[in-house]
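Worksheet: the structure to be examined is printed underneath.
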Amino acid sequence: MEMAAKKHRGKIVRRKDSWQLYLMLIPAVLLVLIFVYMPMGGLVMAFQDYKPYHGILNSDWVGLDQFKFLFEYPDSVQVIWNTLRIAVLKMFFGFVSTLGFALLINEVRRKALRSTVQTFVFLPHFLSWVVLGGIFVELLNPDTGLVNQVLQGMGIKPIFFLGDNNWFLFTVVSSEVWKEFGYGSIIFLAAMAGINPALYEAAQLDGAGKWKQVLHITLPSMIPTMAVVLTLSLSQVLNAGFDQIFNLYNPLVYEKGDIIDTFVYRVGLIDGNYSFSTAVGLFKSIVSLILIMGAYRVAYKVADYKIF
Amino acid sequence: MQVTSKPQRWFQSFNNVLMVLLALICIVPLLHVIAISLSSSTAVMANKVTFLPIELNFNSYSKALENPVFLPSIWLSVQRTALSLALSLIINCMAAYVLSKGGGRDGIAGYKGFVGLFIVAMLFNGGLIPTYLLVTKIGLYNSIWALILPGVVNVFYLILIMNFFKALPKEIEESAFIDGANHWQVFFRMFLPLSLPVLATVGLFMVVNDWNEWFMGSIYMRGDNVPLSTLLKSLIAVPIVDAGNVNEIAKINNRSIRAAQVLIGALPILFIYPVLQKFFTAGIVIGAVKE
Amino acid sequence: MRNKKKIIFTSLVLALSFSSVIACSNGNEPGNTKQPEKSAELKIVDGKIEPAVTITMVRGEDPTVKFKNGENYMDNVHTRWAKETLGVELKTLWTSASGDGSYDTKLKLMLSSGDKMPDLFVANQANTINTFIDSGKLLDVTEAFDKYASDTWKAAVNDDPTAWYPFMKDGKKFAIPVLRPTMGTQSTLWIRQDWLDKLNMKAPNTLEEMEALMDAFVNQDPDGNGKKDTVGLEIAMKDQMLGAPMGDSSWIFGLFGAIPERWYPSADGNLQYGSIQPGVKTALGKLNEWKNKGFIASDIALHDFNKVAENVTAGKVGMLGGESWMMVYPGSMLLASNPTAIYNSYPLPKGVNSENMRTVGNPYSSAILISKDISEEALQAFFHYQNALYDSYISDDPFIFKGFQDGYDYIIQDGKANMDEKQIPGGKTPTMKYTIAGADAVYPSKRLEANLKMAKGEALTNADLAALAPTGILGIDDTNPLEHFTTKAILVGTEQTDTDVPEYFQGPSTKTMLSRKELLTKMQMDTYIEIIYGKKPVEEFDTFVQKWKSSGGDDITKEVNEWYATVKK
């Protein structure tokens, strides 16, 4: 269909009831125009020294100064790099754990066990980092924390998880994975629920084992969902999780744990600077847009799949 | 009943054990949080509470309850969540249906333009000040719609649903069109029923997000007319302790209230998830249509 | 590809065209507001304005405020009193939670949207206050304060005139400080008395004795549980070295002759930044030694005020520096689980050169900001109201505020005030928080006098009681014995007031601070903590000082002193 459309560029003969489609699209388009695009004019604040009492029209224009401040700041390379590292690690392990869990829970035959496990693994998603922060600090205490007492029992020297750069990275990534894998797996469970059971029946007749069924039916059928989830998760590539880092970090782990958002927060403390945070937000949005465009093309070229 | 081989049975048992372990490491911290929310300030502060409440009491819940705004705030949250869910589902699904048709003969002109419009909307936003100005200038200040309308279109869900729609077998739709059905009929009678798993997923996400979202409530609503999430957030936001408020601070237990807040935030899943769970079972969809 | 560019372009055009809608809505230019018209004096009959004058305000909700009888900020026993007794009607337009920052956000949004300002409001965040001062929408209160404030109120502010500094611009006063007592904000040394007695030791007079005591608290199992799970000294140092009211670190650095993160005069009279003074280097070396010996917790880098309070409650802490109310919070929590666990306050041990330094709090807690558009009547009514609250300091009547306090802060039984929480129907509800300032009217020196008398157990005169009246406290509250610890600690604190170092820099953030302060603070915390943890040698401090100076610190010092020159007379 796409090919046909391309050949007659501009001269596509559409179904005569296609006006119904526009009707169906109107509410979403209108809401987006009003609530997202109208305020978007505010992005010009990124090029101003915005003062609330001057408003957007009368604030001073400073060109790219806010961006210069971000990129010329002595720590900015470190902070951006840290953000990327944490976000990419979280994205990767998040994806693997989510998908893996969905596949495994799908193999559980006992209904009661299955639904209980499913409900339980969703629950950590609801624990906010403000609450978890306190629990983790206590749990990971180098002397009295439960984790280190267990390690000591096994003859391992105590580890200062939140005070060592590499362990901090490990803690941040693994705790995030733990918190979100259950919740994230719902999407994949839904995708699996949509697979036509006839496919499995046919495969069984051909004598394909479980493993082969997963490899040749389940996974391929989920490629669209995986592609969507992965591509759209790229919009988070510069978001390493402020609430989590903020509640766990400290000067000992600035080297690998300080991220863009904590940096912007600290700058904001000195003088609630709207223009600077707008500029940082704009920078993140642009990077996300580029990445998503790139991923879209890659998905199209490699897997011949268009996610939108 | 399918035949299971020995290695498969081994895998089954191993998998079951693994799943139970995963469930345990997820539920244990929650039990801890429940215990905290029900324990005395002293015990919580001294880090004595593990999984059983010490000096059982409901102070953190009554601290919220004694606020005259509490019950109205629950009602506001319920209304907001329900309205928002209904609107969001229908509007995002309709848009997803249209976009799933692409830009070809079956689809719409300007397809790429619309997709671009949504993608940009997902990634860029004007920020707090302009959005606040807009919401107040169009007269939504302190109205429940201020909590709903800005968040109705969610591009992530839209694209997710759209891809699900795209994966539905083309034949079903085509035969319906041949029988003289129009887009509305195909959308409501075929696409929606066939997409129950993804609708359940997205619906669950929406409910949870709307129930817990607190910032809009704190900015767009008056202090005496806020959703529950905002109210709870303001209860735990304790100012700097000084000589003027220390007597009161000693009576409030921040950590217990936070724990209570978490549990109240998890409420929707306890009510809604059991209902939705059956939609996540393999094969339900096609089976349902076949009947 | 071309298509995509078109989409983005179109989106941008769309956004910009719509944005004009937004931008237009902000038409209210600063500067074209008019001065309030001068009108005739208010008619005041028996202390009551006739007819009543309305003052509009907005306010931040303080989660520690309690209401009963279905009252709220808009309508309560105090607002009714103000209307009936003073003829001042307090009209609260809206309220918003203050602790999570939404009140300050809303104030700034009010400014952004050009909405009409209320007559007055209270703010406590420096950057909110500065934004309003810069906006030109605030009344220059210099003249009004001179003209309308009572002598008592003026004298109260004059106890420490530096309270005006943060709110001044070009020599004019743009907000009225809400005063708070500074006495009691300084650290005294709080020591677990039961441990001290059990180990048969004395409160330390010198650094050496203090180290010996820490050693004992750590290694002699003072809590008798057979585990080595106690620390000698607790300090809050997450994110910054200063600022925690419990677990204060200033006095520890002060033992070595410097206080980090604070501006104070050097020998030549100019302000210097404490963080780069040589005394800090010695202190850091000592802290590293203590850390190695286990005198301080191994995860001390993660300790903030809340963590300190937790550890105190858990009974793990031998000593800490803290404000006078330590035994009320977190002390009372510890006491609840262990009735013999008591901290007593002691004077600080002598520093290395027999010198001590410690921080003392600012003389203000927040400020009252008044709109330029306030009517003359409302302005006078405000001063009439505020003067009335300060009248307690020239009164002999302990029940001067009975009108709104009786039945809330206390009840009167047989002509005497009863402050017992359990005796007051509906519980004790401090009404001082219902006032415009959201706090009691403070006259620091008079309040201190009365407090010291209580600490020494001297009889309070009616005048003393009246001076305490704004807080709703009428004499020693025997139902709350922990208050004794507080007044005692204030007394202990007064013995070493010569060591108090206030924050001398009270101006808005300077130009270089805006661009460099975050960097310098991060650099400082990084260096300090790594030295304490032994990840870097103490000599690293010298490198830090050089880097601090060259990365903007010298410029900041210059700017701070330029500001100082404008207030120093």
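Throughout, protein chains are lettered first and strands after them, A, B, ... in sequence-line order, and every chain is numbered starting at 1. Keep in mind that the numbers below use all heavy atoms, side chains included, and drop hydrogens, waters and symmetry copies.
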For the residue pair B/Tyr132 and B/Tyr220, does the interplanar ring angle fall in the parallel (under 30°), tilted (30 to 60°) or perpendicular (over 60°) class?
-> parallel

Got a second to check how far B/Lys48's NZ is from B/Ile54's CD1, nearest 0.5 Å?
-> 7.0 Å

Contacts of C/Tyr329 that satisfy ring-ring contact (aromatic ring centres under 6.0 Å, His included) - sequence neighbours left out | none

Residue C/Glu61 versus chain B: region with a heavy atom under 4.5 Å = side chain

What part of C/Met432 is in contact with chain B, defined as an atom under 4.5 angstrom from a non-hydrogen atom: side chain, backbone, both or neither?
-> side chain

With a 4.5 angstrom heavy-atom cut-off, which part of C/Phe305 approaches chain B: side chain, backbone, both or neither?
-> side chain

Turns out that what part of C/Ala309 lies under 4.5 Å from chain B's heavy atoms comes down to both

Just checking, is any N or O donor in the side chain of C/Asp104 or C/Gln125 under 3.5 Å from an acceptor N or O on the other one?
-> no

Pick one of side chain, backbone, both or neither for C/Thr105, based on which atoms fall under 4.5 Å of a heavy atom in chain B.
-> side chain

Are C/Lys307 and C/Asp299 within salt-bridge range, i.e. N to O under 4.0 Å?
-> no

Identify, with sequence neighbours excluded, every residue that meets ring-ring contact (aromatic ring centres under 6.0 Å, His included) alongside B/Tyr61.
-> none

Using non-hydrogen atoms and a 4.5 Å limit, figure out which bit of C/Glu71 sits close to chain B: side chain, backbone, both or neither.
-> neither

Between C/Ser337 and chain B, which part of the residue has a heavy atom less than 4.5 Å away: side chain, backbone, both or neither?
-> both

When only pairs under 4.5 Å are counted, which of C/Glu483, C/Lys433, C/Lys66 shares the most heavy-atom pairs with chain B?
-> C/Lys433

Heavy-atom contact with chain B under 4.5 Å, split by part of C/Pro430 = side chain

Cut-off 3.5 Å, side chains only: do C/Thr64 and B/Asn245 have a donor facing an acceptor?
-> no

